[in-house]
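Fair warning: this is a prediction, and the values are worked out from it, not measured in the lab.
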Amino acid sequence: MHKDDRHRIKHFTTLKSKYQATQYQDLLPTSLLYLVLRKVDLGIKLNTLEIEWLRAQKLEFICQEQEDKLKDFVKLGVEFSQLKSKYKATHHSVSWQYSPLYFILWKIDSGQFLTSKEVDWLSSNGLSQTNAIAQDIQQFTQLKSKYKATQYQDSYPDSPLYQILKKLELAELLNDFEYNFLLDNKLLETANIFKLQESEKKNIFAQLIEKYQAKKHSDLSLLSPLYPILQKIDARNNLSESETYWLEQQGLSETIAIAQELEKTQEFAALKVKYKATRYEDCSPKSHLYKVLKRLESDSKLSEQDLNFMKNRKLTETIAIANQKYADALKSKIESGETLNESEIQWLKNNSYEDIITLFQKRHFIMLKKKYSLIDFTNKLTLEPFYQILLKMERNERLDPILFFQLLEQDLLSRDGKVALKYYSLEAEFYVQEFQRTGNKWHIPTASSYWRKANESEQALQLTNLDLNQIKDNTLKSAILVTRGAAFRDINKLFDAESCAKKAMQYHALSYQPYTLMGAIAYDKGDYPNGDYWFREAIQRGAKTEDIDDEIKRVVRNTKDEEKRHTAAAYLLKKDSERYVWAKAYLKKSKDKG
């Protein structure tokens, strides 16, 4: 007989014995009964033909075995579904026959601890809630053992006992309901543990009251807000505003003072570590060093007195930190687009922060160039002398006239740009102040001239609005009238300008300046032949021809009426095309626009 056949016969015999079918004599592995019993043993449902055959062989009882197995099979599925619902795993859809979840949930429900591999499996399958419940059950089981409550059967985390035991673990007070729950469930040892904890807390509370001078407070119950406040103070944690206010309401000023002193002491210790001042032995917040470090913490620049205090105590590292912190603050100020004042720049110089000074100068130079409309796309304008010029203008200091006019000649500054206007304005203010200081009225026409160049003709008119009868020098009267007339001309009050020029001629007939002014006024009016007459009179009295030509050129350039400018240019070219060759440009402009 073949080995497999012997194995099947043995298996068949075992199954007949298991299902009480030993009266069936056939032992051949080809028997129909062997097939049926194998299916029953595997939990496979029998078909109609197989059931009828069993009845014919008077083996109906085997059908009952099949039905019982099927009921157990269904029961397993129901139990799995219930466990999934209980332990928040309903979204796991794998059949219970193939998933490890059934085993894990059964293990949790039986109060056994999960292995790390099982915990990892739950996590990797998105069953974080199930994992959390399992961990809670594990903690609950441990707490029941620790606090003598193992006779309590329920280990699910929603049990009131779990919350009670967690409060015991944190040494928190139980309320009446929780304490009575322990008594009602005969958990007397657990209740005694709570009573011991409560007694110990009362002793601690009494000690804290003594330690922090809070005897005025009448409520010595552990439920009093004073208890957690004193615990907080004792743990060196800062009180909140509401806690301090509560102490104030209870009249516990001594407690507040102690708490604040402890807070400051703790802060002082931390500041000494932060700013490397631990060699300073005094830990009292009344120490001057505490105030110094507090100022340093608030980003304030330390005073010379504070620095000397630290120098005398050889706190060189603290000084270095303070200096670096202030230097960083100044650098941040520069990078945010702010400017430094003179004292800040001087501090940087005194402490050798040349790199920050250079950074500031470059940034500040860019700002000033923009402010004064200095066009410098190629960065050809250097710090020296241009930055110094702009700095002086910012400080309203007079510029070096030689340097200023040299830069104008080199076309590095615009003759009517903001720098030039500022130069003229500063010069005007200087001569006004000199007049006020010395009483020398010759400063008046000089200042007025500069006001005009600064496009501040109204200032010039205000300055020259004088009672000339109070002035004896006719030459000075003439000079004042000329500059006043020129100011009137600037604002297109030509009648007043002409009146001033004629009066100036009366006071000083030999001066060419009133005649030059009259010629310019005539050109402004478009009366070019009359203008030429006055200009000739000016030349006869000492005016330079090139200066007269420059004045004519300015008149034409500043004429806003395009047609009038064209007429003036045509007139000049007709009169002398070589002398006034520059006028061709205005004819071309008119032609282009036409």
Side-chain angles (χ1 to χ4, degrees), residues 368 371-373 385-386 388-409 413-493 496-497 499-501 503-505 507-508 510-518 520-521 538 541-544 547 550-551 554 558:
L368 293 178
K371 179 177 179 179
Y372 291 101
S373 303
F386 293 98
Q388 296 305 320
I389 289 174
L390 297 179
L391 276 183
K392 281 193 170 187
M393 290 170 61
E394 281 292 281
R395 296 193 290 259
N396 288 322
E397 295 178 7
R398 295 177 72 202
L399 306 183
D400 179 357
I402 296 175
L403 175 61
F404 173 73
F405 286 108
Q406 184 181 16
L407 295 174
L408 286 181
E409 291 299 323
L413 288 178
S414 170
R415 293 180 180 274
D416 53 0
K418 288 186 178 181
V419 175
L421 295 178
K422 183 71 173 181
Y423 169 78
Y424 297 135
S425 177
L426 290 171
E427 289 298 300
E429 289 174 352
F430 169 77
Y431 283 106
V432 169
Q433 290 170 4
E434 283 298 290
F435 162 62
Q436 293 170 345
R437 183 177 68 84
T438 66
N440 184 352
K441 292 184 174 62
W442 272 105
H443 292 310
I444 294 174
T446 306
S448 175
S449 177
Y450 279 119
W451 279 131
R452 289 187 54 243
K453 290 179 180 178
N455 290 338
E456 297 283 352
S457 296
E458 293 290 349
Q459 291 273 29
L461 289 172
Q462 185 178 349
L463 179 64
T464 57
N465 187 17
L466 303 170
D467 181 2
L468 296 181
N469 293 324
Q470 300 296 320
I471 300 174
K472 295 179 180 180
D473 188 343
N474 286 339
T475 304
L476 175 57
K477 290 180 182 180
S478 178
I480 292 173
L481 284 166
V482 168
T483 187
R484 182 171 176 79
F488 277 125
R489 178 177 166 247
D490 292 338
I491 59 175
N492 206 30
K493 290 187 175 182
D496 293 327
S499 176
C500 288
K503 286 180 183 178
M505 292 177 189
Y507 284 119
H508 190 11
L510 297 179
S511 172
Y512 66 84
Q513 291 175 328
Y515 296 90
T516 303
L517 176 58
M518 284 295 291
I521 294 169
R541 287 165 176 77
K544 295 180 181 179
D547 290 340
D550 286 341
E551 185 63 39
R554 271 194 298 274
N558 295 333

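Here the closest non-hydrogen pair linking I444 and L463 is O-CD2, 3.6 Å. Residues R489 and L517 share a closest heavy-atom pair of CD-CD1, 4.2 Å. Between S425 and W451, the shortest heavy-atom distance links the atoms OG-CZ3, 3.8 Å. The heavy-atom pair separating L421 from A454 by the smallest distance is O-CB, 3.6 Å. The two residues P514 and A501 have their closest heavy-atom pair at CB-O, 3.6 Å. Heavy-atom minimum distance, S478 versus A504: OG-O, 3.1 Å.
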> Would T475 and H508 satisfy side chain to side chain contact (heavy atoms under 4.5 Å, CB included), going step by step from the backbone distance to the final call?
Replying inline: CA-CA 6 Å; T475 304; H508 190 11; 3.7 Å; yes
> Are R484 and N465 close enough, and set up right, to give a side chain to side chain contact (heavy atoms under 4.5 Å, CB included), and what steps lead you there?
Replying inline: CA-CA 8 Å; R484 182 171 176 79; N465 187 17; 3.8 Å; yes
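For the atom pair N469 CG and K477 NZ, the distance stands at 6.0 Å (nearest 0.5 Å). Annotation: the span from R398 atom CZ to Y431 atom OH amounts to 5.0 Å, rounded to 0.5 Å. One finds the OH atom of Y424 at 12.0 Å from the CG atom of L426 (value rounded to the nearest 0.5 Å). Here the CG atom belonging to L461 is positioned 9.5 Å from the CZ atom belonging to R452, to the nearest 0.5 angstrom. Within the model, atoms OH of Y512 and CZ of R541 stand 13.0 Å from one another, a figure rounded to the nearest 0.5 Å.
D547 has its side chain out of reach of T516: every pair of non-hydrogen atoms, C-beta onward, lies at least 4.5 Å apart. Between E427 and K453 there is no side-chain heavy-atom pair separated by less than 4.5 Å. Within the 4.5 Å cutoff, the side chain of N440 has no heavy atoms near those of the E434 side chain. Contact of the K418 side chain with the Y423 side chain is not registered, since no non-hydrogen atoms from C-beta on lie closer than 4.5 Å. Counting heavy atoms from C-beta outward, I480 and C500 have side chains that stay 4.5 Å or more apart.
The side chain to side chain contact (heavy atoms under 4.5 Å, CB included) with K441 is formed by just one residue from the set L466, D473, I471; it is I471.
The side-chain tip of R437 does not point at the ring of F430 from less than 6.0 angstrom away and within 45° of straight on.
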